[in-house]
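This report concerns only the one structure given below.
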2 protein chains.
Amino acid sequence: MNNLKKILQTNNLKATHQRLSILNTLEQQGHIDIDNLYNTIIKQNPTISKATLYRNINELIEKDIIVEVKIPHQKNRYEIKKDPHIHLVCKFCGDVLDNTVDLSMIINNIQHNTQFQIQSSFVIFEGICPSCKG
Amino acid sequence: MNNLKKILQTNNLKATHQRLSILNTLEQQGHIDIDNLYNTIIKQNPTISKATLYRNINELIEKDIIVEVKIPHQKNRYEIKKDPHIHLVCKFCGDVLDNTVDLSMIINNIQHNTQFQIQSSFVIFEGICPSCKG
DNA sequence: ATATGTGCAAAGGGTTTGCAGATAT
DNA sequence: ATATCTGCAAACCCTTTGCACATAT
C-alpha cells in the first residue's frame, strides 16, 4: 500500500485526494508555505479550497505528521516530520536547505551551566547559499 | 539624556511617550508578545491604541532597534536588539531565557561541508527551566 | 451504510491604513 | 511653526467555522 496512505490511516485519517496531495507536495518540495502549497495543489485539483488546506495542515500538525517551521522574516512553512535537522536559509533566494549537525556538546554545556533541561532544538542559520554566491 | 530617548532621536524618531513606553517595557521584560506589551503599557497610558503599537513595533524593527523572535508554538515576541544570544524556552511556564554559546565550531563545520556562507543564527532550545523542575 | 471530510460562503481575529487632531522639536 | 505622531474607525488581510453535500471505508 502507498506509504502516505498508510501514514494517514495509521492516524485514523481518511486517505482523501486532498490529504494525499498535501503530503505528496510536502514530500517533494519540503519547507513550503500555505500559499505555495495551495498554488501547487490547485494545478492538480482545481477545486480544492483553502479551508480544506488549513483544516488539514492543522490536523496533520496535531497528529505529529508534519511540522511548522518558523523562519525569521518569512511566512511559516511546513515540512513532513523527519529526523532532527537544522535549516540553512538563503537571504537572497529564500531557499531552505536541511543539514544535520551534532549539537550534543553545546547542549551538554548549556545544561551543565544553567540547569535548564533541553528536550528539543530549533536551529536556523541565515546566509548565502552556494547557488547565490557571486 | 535618557538612554532610550537618545536611541530614538539617533534614528530620527520623535521620543513620544508611546515609544518610550514600548522600549522601556521591552527593556524590563524582554521577549514579550504584542498582547502582553499592550496590557503592560495600557496600565501606564490608558489611551494608547493598538494601531500605535503595531506601527511602532514595525518601525523599530525596520530601524534595527528591536528584533522579532519566532518561537515554536508561541506568538511572536519582541526584544531590544543586543549581542547575539540563543533562547531557552520552557515548555511548562513558557518563559524565555537568554544564553550565550559559542557556535563557531558548528558554523565553520557547516560552511566547510556545504559551501553555504553563514551570516547570522537563530537558535532555540526547548525544555524545562530550573524553576519548573519537580 | 455511515462516519468523516470537503467546498462554499460567512464570520472571526489580528494587523494595517486614512484622516483629523495632538505633540515633540 | 511644522513635520511627525497618535487615536479612532474602517478596511484588509488570513484563518476558522457552520452547514449541506460528497467520499472513503
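Naming convention: chains lettered A, B, ... in sequence-line order (proteins, then strands); numbering from 1 in each chain. Only a predicted model underlies this, so the values are computations on that prediction, with no experimental measurement involved.
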N/O donor to acceptor pairs below 3.5 angstrom from side-chain atoms of residues 59-66 of chain A, sequence neighbours left out:
residue : atom : partner : partner atom : Å
A:Glu59 : OE1  : A:Arg19 : NH2          : 3.1
A:Lys63 : NZ   : A:Asn11 : O            : 3.2
A:Asp64 : OD2  : A:Lys81 : NZ           : 3.0

Only pairs at least two apart or in different chains count here, so list each salt bridge (charged side-chain N to carboxylate O under 4.0 Å, His left out) that has a residue in residues 110-120 of chain A.
none
Show every salt bridge (charged side-chain N to carboxylate O under 4.0 Å, His left out) that has at least one partner inside residues 98-121 of chain B, sequence neighbours left out.
B:Lys82-B:Asp98
Which of residues 14-21 of chain B sit near DNA chain D, with a heavy atom under 4.0 Å from it?
B:Lys14, B:Thr16, B:Gln18, B:Arg19
Under 4.0 Å, heavy atom to any atom of DNA chain D: which of residues 56-69 of chain B qualify?
B:Asn56
The ring pair (Phe, Tyr, Trp, His ring centres under 6.0 Å) partners of B:His17 (sequence neighbours excluded) come to none
Residues that A:Lys50 engages under salt bridge (Lys or Arg N to Asp or Glu O under 4.0 Å), provided they are two or more places apart:
A:Asp35
Taking [atom1] from [X] and [atom2] from [N], how many angstroms apart are they, rounded to a whole number?
X: A:Lys50; N: C:dG7; atom1: NZ; atom2: P; answer: 14 Å
X: B:Ile48; N: D:dG7; atom1: CD1; atom2: P; answer: 6 Å
X: A:Lys6; N: D:dT25; atom1: NZ; atom2: P; answer: 15 Å
X: A:Leu8; N: D:dA24; atom1: CG; atom2: P; answer: 13 Å
X: B:Asn11; N: D:dC5; atom1: CG; atom2: P; answer: 12 Å
X: A:Tyr38; N: C:dT6; atom1: OH; atom2: C1'; answer: 13 Å

Any chance you could pull the hydrophobic cluster mates of A:Met105, using side-chain heavy atoms under 4.5 angstrom and chaining through other members?
none
Please tabulate, for side-chain N and O atoms in residues 125-134 of chain B, each donor-acceptor pair with protein atoms closer than 3.5 Å (sequence neighbours left out).
residue  : atom : partner  : partner atom : Å
B:Glu126 : OE1  : A:Ser120 : OG           : 3.2
B:Glu126 : OE2  : B:His73  : ND1          : 3.2
B:Lys133 : NZ   : A:Gln115 : O            : 2.6

Is there a path of hydrophobic side-chain contacts, each under 4.5 Å between heavy atoms of I, L, V, M, F, W or Y residues, that connects B:Ile80 with B:Ile41?
yes
A:Ser49 vs C:dG7: side-chain N/O to OP1/OP2 distance below 4.0 Å:
yes
